[in-house]
Chemist: 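Provided herewith is a single structure, encoded as structure tokens, for subsequent inquiry.
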2 protein chains.
Amino acid sequence: MTEAPSHGLKARRLGIDTHAEPVVFLRKDSPVSRSEGFSPHSRILLSAGARQAIATLYQVENGILARDEAGLSNAAWHLLGLNEGDCIKARHAPPVASLSAMRGRIYGKAFDETTLHEIVSDIVAGRYSDIEIACFLTASAARPLSHAEICALTRAMVNTGDRLSWKAPLVADKHSVGGLPGNRTTPIVVSICAELGLVMPKTSSRAITSPAGTADMMETLAPVALGEDQIRAVVAQEGACIVWGGGIDISPADDILIGIERALDIDCEGQMIASVLSKKIAAGATHLVVDMPIGATAKVRTPAAARALSAGLEGVAKSFGLQIRVVPGEGTQPIGRGIGPALEARDVLSVLQGDKTAPQDLRFRALELAGALLEMSGKAGVGMGITMATTVLDNGQAWRKFQRICEAQGGMRTPPLAGFRKDLTATAEGIVTTMDNRRIARLAKLAGAPEDRAAGIEMHIRIGDAVARGTPICTLHAESAGELAYALAYADANADMFRITQP
Amino acid sequence: MTEAPSHGLKARRLGIDTHAEPVVFLRKDSPVSRSEGFSPHSRILLSAGARQAIATLYQVENGILARDEAGLSNAAWHLLGLNEGDCIKARHAPPVASLSAMRGRIYGKAFDETTLHEIVSDIVAGRYSDIEIACFLTASAARPLSHAEICALTRAMVNTGDRLSWKAPLVADKHSVGGLPGNRTTPIVVSICAELGLVMPKTSSRAITSPAGTADMMETLAPVALGEDQIRAVVAQEGACIVWGGGIDISPADDILIGIERALDIDCEGQMIASVLSKKIAAGATHLVVDMPIGATAKVRTPAAARALSAGLEGVAKSFGLQIRVVPGEGTQPIGRGIGPALEARDVLSVLQGDKTAPQDLRFRALELAGALLEMSGKAGVGMGITMATTVLDNGQAWRKFQRICEAQGGMRTPPLAGFRKDLTATAEGIVTTMDNRRIARLAKLAGAPEDRAAGIEMHIRIGDAVARGTPICTLHAESAGELAYALAYADANADMFRITQP
């Protein structure tokens with residue numbers, strides 16, 4: 001089906017962040033809107049020279065655009081590679097073929113390998129609207145993805161992005177299912193494992209909704225925004241790196257799917273498994289340890305959910321020849337004391353430096369994960385992984401390794417300290433019985449994390465601690481008085497995020 | 001959970017039509033964005049005095065907004081009842097409670113009456129984002145709604161809008177499942193039934209994606225934008241009306257759900273049944289006839305699908321004490337000759353006036369539907385409905401009734417005739433074997449329908465007709481030379497929308 005020719009429009013960058021969805025804004029009374037019969041929710045094919053993008057249409061009535069202008073969201077602007085004022089054309093988008101398969105899945109027709117590859121390719125190319133992605137995720141949750149479908153989805157996600165390969169028979173990696181503030185084990189695990197001879201080219205993400213991502217934290221200690229060549233040089237020299245993965249386009253579908261899944265707050269387990277494993281497989285990992293905290297306000301809420309997710313991860317990893325070990329753990333409270341990039345970095349340094357006041361929960365969690373990798377890889381005998389890891393941590397080898405990695409990445413830095421600090425204190429005597437990880441994370445963000453690197457929370461208590469009236473619970477760190485006040489107001493209104501029970 | 005106090009923002013109307021979804025645009029570097037930690041897809045609670053609305057956030061980087069401004073879509077603007085420059089506040093929206101039930105439904109937990117009422121209330125109040133509505137619809141299609149759930153959804157849709165009641169024991173109504181261009185039987189059916197003593201207060205919609213809605217067509221013959229009091233006066237006098245329903249807020253959830261369902265191009269049968277029946281129940285109907293065209297490019301594609309949908313409609317209607325009769329019919333081609341408001345009005349007039357050249361398919365379809373209503377209501381004996389309807393159509397009584405209804409609505413009008421017309425002709429000899437209803441509707445819209453009342457298509461052939469090279473297939477009508485040219489280009493590129501097979 002051929003379309004009629006379309007009118008030219010002047011492209012205008014509106015600087016609007018609609019996340020991954022390309023959006024075009026057109027005047028309702030523009031010649032093209034009228035002649036094409038565009039209506040709300042229309043999907044529009046935009047063309048700029050040889051480049052094309054499908055965008056969702058929002059019609060505009062008044063003066064923010066001229067009648068011959070097309071306003072574009074950032075996603076649409078980048079897909080089309082535009083310059084201000086470029087001429088673009090707009091017409092109804094032809095049907096996206098893979099959407100029929102998605103609709104069939106709603107009514108029970110299983111996805112096959114080819115179909116999932118087409119769907120994921122279309123999603124990566126921005127050809128699915130957000131509501132279509134919501135439909136895909138919901139259909140995949142209401143009628144759960146089968147093992148074969150999860151494998152096919154994983155493969156599709158791997159194949160639609162970049163892949164890394166390493167001249168090593170064994171490449172170690174680590175993933176945390178997340179949901180706990182703090183819990184910054186990665187630099188410790190990498191330093192221990194690399195010191196003991198494992199190749200561990202670790203790429204991490206920045207925070208999306210949390211108060212810090214591993215990359216944000218690590219950036220207070222060393223440069224992390226390295227290109228692929230620089231990463232390879234660091235790994236060639238030190239056997240490991242701890243860098244931001246955003247410079248490499250690994251499993252680009254993952255970010256898009258997770259963005260919508262998080263907005264819907266639904267769990268599509270099959271998609272989650274494919275997201276985690278596709279990133280690791282594309283990054284060239286052969287041995288993977290998965291940190292899985294379990295707790296009422298963590299991502300995985302019950303031991304039964306943890307068992308089901310572990311079985312799914314193990315089954316799919318096996319199909320790809322990826323060795324995996326899931327390490328379940330307590331997920332009822334933050335791990336480590338700091339929450340926020342610099343505060344978490346301080347915890348990491350204190351553990352690596354063998355500081356007597358270092359947070360022992362963080363230290364032990366890192367040793368457990370490193371130990372699992374050492375056993376899986378055959379570096380340590382069964383049951384001997386933690387002991388081996390403890391040795392190189394306690395004798396300072398891991399700390400020296402970490403310093404060398406930082407130097408190789410461009411030079412070690414000192415994490416900043418916030419200029420505005422204020423203690424929150426217990427308003428009653430009692431025992432700390434529960435903490436709300438989600439509201440604690442929120443509090444750290446209100447204080448300015450992760451944009452303000454020094455901002456966040458320094459915890460002083462753990463569940464089970466006895467407190468008196470006036471005992472410090474935590475210290476808020478902020479880079480401005482306004483943000484400190486703002487976080488304090490939230491903390492006052494939400495004092496029950498730390499539950500203290502009278503004895 | 002109480003939130004921290006929030007910063008004031010100056011409201012700015014951006015005139016952006018995002019359909020039903022409230023959207024707020026904020027500068028990424030605004031104090032509130034930073035301190036609240038808003039991110040893409042965040043749901044924001046906006047407050048203006050006592051009024052509140054939940055909106056989806058799009059963050060803006062550059063100059064279309066000042067740092068202290070909040071740009072609002074039309075839906076958000078209206079929900080908050082704002083004036084330019086009003087002060088509004090923005091913070092993270094609290095969780096919408098009914099969303100948990102929606103998420104539970106994904107994993108198989110049935111909706112109950114209370115839950116569905118909450119969900120529909122929240123949707124009507126704009127508290128669901130488009131992706132959340134997509135999730136609701138997909139979950140309701142992947143795990144089909146049960147009879148009890150459809151009844152509860154119907155009741156919720158009735159109860160969240162206005163209701164009409166009539167001082168009559170029997171109130172007739174008509175619905176068309178749609179998908180066929182033309183097929184404008186309503187004015188004929190209403191005139192016949194009202195003349196024979198049925199009370200038939202018919203409200204219709206304007207076109208959303210079609211080249212004409214009944215209200216658009218009727219407006220070329222008489223005023224249709226009447227208030228409730230005016231409608232009651234017309235019905236008191238003539239026993240019937242043919243007006244636009246947009247002035248009365250009947251089943252407001254329907255428009256919102258259908259907007260997303262159509263954008264996704266998925267069928268959620270339970271939702272469709274609830275949409276149709278909720279509108280009729282809320283409008284006070286007791287007897288309903290449903291026109292259901294069946295064809296490859298109609299809404300209902302197969303006889304099996306028609307049987308399933310009919311059974312669903314009948315079962316739910318019964319629970320509400322609504323008498324219903326589904327009249328299946330051929331849906332392979334447009335009904336009547338005209339497509340577009342004025343052209344369809346001309347067909348209606350020619351049938352009512354007993355013109356010998358009137359389209360017989362339209363005439364017969366209207367007689368069938370009127371006959372069914374007359375039999376259901378006991379006005380006609382079984383099998384005698386069509387005969388009775390034919391009598392008042394042929395003797396001119398229905399035509400006089402129609403004129404009186406138009407006068408009561410404010411005075412009869414003459415439909416306009418387009419100034420630019422052009423025949424499309426057959427490019428080869430043969431038999432017309434199929435027509436693509438969707439592309440024919442598209443062609444009429446490209447010519448300017450429904451905004452240009454006189455624009456559209458006048459058909460000259462029907463399936464089965466023999467044509468020679470040069471035989472006129474249809475005439476395009478447009479109000480400007482540009483639109484005519486535009487439609488012609490589309491017709492040239494899509495000549496196969498009328499398939500002519502060589503004998």
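Lettering of chains follows the sequences in order, A, B, ..., and the numbering in each one begins at 1. What you see is a predicted model, and the numbers here were worked out from it, not measured in a lab.
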Chemist: If you round to the nearest 0.5 Å, how far is CD1 of I260(A) from SG of C135(B)?
Modeler: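 Interatomic distance, C135(B) SG to I260(A) CD1, rounded to 0.5 Å: 11.0 Å.
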Chemist: So which of E132(B), M102(B), R103(B), K445(B) has the biggest tally of heavy-atom pairs under 4.5 Å with chain A?
Modeler: R103(B)
Chemist: With a 4.5 Å heavy-atom cut-off, do K28(A) and D17(B) have their side chains touching?
Modeler: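 Yes; the side chains approach each other to less than 4.5 Å.
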Chemist: Shorter than 4.5 Å, heavy atoms on both sides: which option in E451(A), Q59(A), E483(A) has the most such pairs with chain B?
Modeler: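 Top count of heavy-atom pairs under 4.5 Å with chain B: Q59(A).
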Chemist: Which bit of D265(A) comes within less than 4.5 Å of chain B, counting heavy atoms only: side chain, backbone, both or neither?
Modeler: both
Chemist: Does CZ in R499(A) sit with more than 12 non-hydrogen atoms of other residues, nucleotides or ligands closer than 6.0 Å?
Modeler: no
Chemist: Checking R13(A) against chain B: side chain, backbone, both or neither under 4.5 Å from a heavy atom?
Modeler: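 When you check distances to chain B, atoms from both the backbone and side chain of R13(A) fall under 4.5 Å.
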Chemist: In Å and rounded to the nearest 0.5 Å, what is the OH to OG1 distance from Y58(A) to T18(B)?
Modeler: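 These two atoms lie 6.0 Å from each other.
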Chemist: If you count heavy-atom pairs within less than 4.5 Å of chain A, which of L488(B), N74(B), D492(B) leads?
Modeler: N74(B)
Chemist: Run Y107(A) and I266(B) through side chain to side chain contact (heavy atoms under 4.5 Å, CB included) and show every step you take.
Modeler: CA-CA 10 Å; Y107(A) 306 103; I266(B) 63 169; 4.3 Å; yes
Chemist: Taking side chain as everything from C-beta outward and backbone as N, CA, C, O, which of these in R12(A) sits under 4.5 Å from a heavy atom of chain B? Side chain, backbone, both or neither.
Modeler: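 The answer is the side chain of R12(A).
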Chemist: With a 4.5 angstrom heavy-atom cut-off, which part of F25(A) approaches chain B: side chain, backbone, both or neither?
Modeler: side chain
Chemist: Could you check if a side-chain atom of R442(B) sits within less than 4.5 angstrom of a side-chain atom of H92(A), using non-hydrogen atoms only?
Modeler: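 Yes - at least one pair of side-chain heavy atoms lies under 4.5 Å apart.
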Chemist: How close do I131(A) and A263(B) get, heavy atom to heavy atom, and via which atoms?
Modeler: CD1-CB, 3.7 Å
Chemist: In terms of heavy-atom pairs under 4.5 Å with chain A, which of D130(B), L264(B), V60(B), I64(B) leads?
Modeler: L264(B)
